[in-house]
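Values below: every heavy atom of this structure, side chains too, minus hydrogens, waters and symmetry copies.
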Amino acid sequence: MAFILALDQGTSSSRSIVFDERGRIVAMAQREFRQIYPQPGWVEHDPEEIWTSQLATAQEALAKAGITARELRAIGITNQRETTVVWDRRTGRAIHNAIVWQDRRAEPLCAQLREQGHGETFLQSTGLRVDAYFSGTKVRWILDHVEGAHAAAARGELAFGTVDSWLLWKLTGGRVHATDVSNAARTMMFDIRHNRWDHQLLGLLRVPDSVLPQVHPSAHVYGETEPALLGAAVPVAGMAGDQQSALFGQACFRAGLAKNTYGTGCFMLMHTGERFQTSANGLITTSAAQADARPQFAFEGSVFIGGAVVQWLRDGLRAIQSSSEVQALAESVPDAGGVMLVPAFTGLGAPYWDADARGTIVGLTRGSTVAHIARAALESIAFQSAALLHSMSKDAVAAGSTPVSELRVDGGACVNNLLMQFQADLLGIPVQRPQVIETTALGAAYLAGLATGVWRSLDELEAQWQVERSFLPTMPRERAQDLMAQWERAVRQARAA
C-alpha cells in the first residue's frame, strides 16, 4: 500500500492527513494557531507558528497512521492563499509577521492603482481585480514598512512566498524557493496566460524579481524534506492553493465541472479548460491546478459570509447554543415565511462586489419567529451560491460552452442536508456530495501522487471519485425563479443600506 501525506495549512489551523492509494483517509491531526489583530482591518499570523504547528501535525498524523516517513511516497501541500511571508534567505527568519489574505491594510495602494487606470492592465494579465485581498500589495507594504527591506531585496537577500513556498523552504532546509501556478496566480503579479511573472506589474508594485519564487506545475517534484524532520527524506511533489486543490480533489478536470466549498465563506470554482477568458458577470479568472505544463483555467467567485452566518446566529443573536443545532431549528418551520436575510456583514463578494452593502433582514411579519430567521440564514448561503453559479453559467454560454450541469460540494456546511437540498432546488441541477469531503487535502495528495507515479492519469483519479449522496431538485422551476427574484430584491435593499 502506498501512502501520501497531505499538509493542509489553513487560516485558523494546520492539518495533516495521511491518504492511501485509493484516496481514503488513514489518519489525521490538527492544531490551531494564533490570530493576530494589530488594529481594525489588519490580520497577521506568526510564520514560525504556522511552520511549527504544521510540522507537529505531520509528525502526529504519521504516528496515528502507524507508519514511518520511509513508507511515504510523497508529500503534497495545500494552503491558505494570498497570505504573504517575506523572509531573510540567510537566516530563514521572516522579517515581519505574515499578512493574511483577509487583511485590508493595502487598500490605499490598491485605490491609487485603480485611480491611475491600471485595473485593466492587471485584469488582462492576472485575471484578478486590483484588491488588497491578493499578495502583491501586501509584499509592497512589508518592503515599505520594514526598515532596510527595499535595499535588502535589491541585494537579493530576501525571499517572498505564499504559505506553500514558506513551508517548502522550511521542509527542504532552505534549499528550494518555489511555488506552483495556482498560488502564483493569486499574487496579482503573475501572467496566467503565459505562466510567468509579469515585469510590468512588478514595476507598478515596486517589487523586485529577486524576491520571487520559481514557478512549477502543481504536480511536480519540488525537492526532498530534511531527513531529521520526519525521520526520512520524502519528496514534496504536489502544491496548490486550497480552492484549486479542492477543485482537483473533486475530480473537476474538464471544462464545465464546478465545485463549491462551504466554509466560513463559500468558494465556487468552475473549470474553463485551457483557454483564458475573463468574466462579464463579476467573477475572477484564476489558474487551476496543473498536472503538467499546459495552462488550465477556472472562473472563481467568493461569498464572504457562508457558514459564518451560523456563527452569528449563535454568538450574535444567541438563537442557538451550538452550530449543530441550526438544522433542527430551521426544520421546525416548513419554510422561511417570506423572511430573507442578506448576511452582508463585511459587504458582498462576487458577483456583486459591493464593500458598502450591509446585513439586512426583510419580510418580517408579526408571525415571524427566530426559527424563520434561522431558516433564512441557512438559505442565504444557498442564495449567494446560486447567484454565483448563475453568473458562471452565463459566462460559459457566452463562451460557447454549456451551462453547469451538476455542482460538487465540500466543506463543513455541506453535511447540512437541508441546505444541500435547498441548493439543488434553487439551481435546478443535482448537488453531489462525495464520500471524501476533505477534498482540499485530497487534491494535494492526488497532485503529489501523480508526480511520483502512485496514479498514472487523471482518468484513474476520476474513477476514484464517488458520490456519498445526490440531492436532486424537487422544487418547480417557477417557484425557484420567484425565490431568486425575491433574493435579488433583498440584495438591492442591502446595497442601499
Side-chain angles (χ1 to χ4, degrees), residues 1-36 45-80 83 85 92 94 98 100 161-174 176 222-242 245-246 249 263-264 410-412 415 435-449 452 454:
M1 183 68 73
F3 298 101
I4 293 177
L5 175 64
L7 308 183
D8 183 357
Q9 206 299 302
T11 308
S12 58
S13 68
S14 297
R15 295 193 306 163
S16 293
I17 303 179
V18 177
F19 290 95
D20 67 18
E21 62 195 23
R22 296 180 187 171
R24 298 176 301 194
I25 294 173
V26 178
M28 181 190 310
Q30 181 169 352
R31 290 196 186 187
E32 294 187 0
F33 55 88
R34 281 187 308 149
Q35 306 295 302
I36 303 167
H45 293 155
D46 180 340
E48 289 298 325
E49 284 187 35
I50 289 176
W51 162 240
T52 56
S53 63
Q54 190 66 72
L55 178 61
T57 61
Q59 294 165 339
E60 186 181 339
L62 289 177
K64 283 184 175 179
I67 63 173
T68 68
R70 287 183 177 82
E71 295 172 82
L72 290 175
R73 290 284 291 276
I75 291 173
I77 298 174
T78 185
N79 55 288
Q80 52 166 317
T83 295
V85 187
V100 179
T162 42
V163 170
D164 58 309
S165 295
W166 171 243
L167 293 177
L168 180 64
W169 176 277
K170 301 293 270 188
L171 285 166
T172 61
V176 183
Y222 290 83
E224 288 192 337
T225 62
E226 283 284 287
L229 295 174
L230 299 173
V234 184
V236 179
M239 294 207 302
D242 53 10
S245 190
T264 303
D410 53 67
V415 301
Q435 287 191 352
V436 177
I437 63 170
E438 298 290 352
T439 55
T440 302
L442 182 60
Y446 278 168
L447 289 163
T452 53
V454 175

Check your understanding: Are Thr68 and Leu230 close enough, and set up right, to give a side chain to side chain contact (heavy atoms under 4.5 Å, CB included), and what steps lead you there?
Key -> CA-CA 8 Å; Thr68 68; Leu230 299 173; over 6 Å; no
Practice item. Report the C-alpha separation of Leu168 and Asp164 in whole Å, then their side-chain angles, then the decisive distance to 0.1 Å, and conclude whether the side chain to side chain contact (heavy atoms under 4.5 Å, CB included) test is met. Key: CA-CA 6 Å; Leu168 180 64; Asp164 58 309; over 6 Å; no
Check your understanding: Step by step, would you call Val236 with Val176 a side chain to side chain contact (heavy atoms under 4.5 Å, CB included)?
Key -> CA-CA 10 Å; Val236 179; Val176 183; over 6 Å; no
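The shortest distance between side-chain heavy atoms of Leu167 and Asn79 does not fall below 4.5 Å. Under the 4.5 Å side-chain criterion, counting only non-hydrogen atoms from C-beta, Val85 is not in contact with Ile50. Inter-residue side-chain proximity for Val234 and Leu5 is flagged as unmet; no heavy-atom pair is nearer than 4.5 Å. Within the 4.5 Å cutoff, side-chain heavy atoms of Leu171 are placed close to those of Ile77.
Applying the ring-ring contact (aromatic ring centres under 6.0 Å, His included) rule to Phe3 yields no partners; only residues at least two apart in sequence or on another chain are considered. With sequence neighbours excluded, the residues satisfying side chain to side chain contact (heavy atoms under 4.5 Å, CB included) with Ser12 are Gln35. Applying the side chain to side chain contact (heavy atoms under 4.5 Å, CB included) criterion to Ala74, with sequence neighbours excluded, gives Ala237, Ala448, Thr452. The side-chain hydrogen bond (donor to acceptor under 3.5 Å, both in side chains) search around Thr439 returns Asp410, not counting sequence neighbours. Every residue two or more places apart in sequence or in another chain that forms a side chain to side chain contact (heavy atoms under 4.5 Å, CB included) with Ser13 is listed here: Arg15, Gln30, Glu32. Partners of Asp242 by side-chain hydrogen bond (donor to acceptor under 3.5 Å, both in side chains), not counting sequence neighbours, listed by chain and number: Arg81. With sequence neighbours left out, Phe19 forms a ring-ring contact (aromatic ring centres under 6.0 Å, His included) with no residue at all. Ala27 pairs by the side chain to side chain contact (heavy atoms under 4.5 Å, CB included) definition with Lys64, Ala65, not counting sequence neighbours.
Here the closest heavy-atom approach between residue Ala2 and residue Val454 is recorded as CB-CG1, 4.2 Å. Contact record, Thr78 with Ser245: OG1-CB, 3.3 Å, taken as the closest heavy-atom pair. In plain terms, the two heavy atoms of Leu447 and Ala240 that are nearest each other are CD1-CB, 3.7 Å. Contact between Leu7 and Ser16 at its shortest, heavy atoms only, is CD2-OG, 3.4 Å. The two atoms that bring Thr83 and Ala98 nearest to each other are CG2-CB, 4.0 Å, heavy atoms only. In plain terms, the two heavy atoms of Ala441 and Ile17 that are nearest each other are CB-CD1, 3.7 Å.
For residues 69-80, no pair satisfies salt bridge (Lys or Arg N to Asp or Glu O under 4.0 Å), with sequence neighbours left out. For the side-chain hydrogen bond (donor to acceptor under 3.5 Å, both in side chains) condition, the pairs that include at least one residue of residues 18-27, sequence neighbours left out, are Asp20-Arg24. Within the structure, every pair that satisfies the salt bridge (Lys or Arg N to Asp or Glu O under 4.0 Å) test and touches residues 222-240, not counting sequence neighbours, is listed here: Arg175-Glu226. Within the structure, salt bridge (Lys or Arg N to Asp or Glu O under 4.0 Å) pairs that include any residue of residues 45-57 comprise Arg34-Asp46, Arg34-Glu49, Glu48-Arg93, Glu48-Lys170 (at least two apart or interchain).
Side chain of Ser14 to main chain of Gln9: no donor-acceptor pair is present (N/O by atom type, distance under 3.5 Å, no hydrogens or angles). Of the possible donor and acceptor atoms, one in the side chain of Gln59 sits under 3.5 Å from a partner among the backbone N and O of Leu229. With hydrogens and angles disregarded, a donor-acceptor distance shorter than 3.5 Å links the side chain of His45 to the backbone of Thr11.
Here the rule is side-chain contact (heavy atoms from CB on, under 4.5 Å) with Leu442, and of Val436, Ile4, Ile25 only Val436 fits it.
Summarising the geometry, atom CD belonging to Glu60 is positioned 11.5 Å from atom CG belonging to Leu55; distances are rounded to the nearest 0.5 Å.
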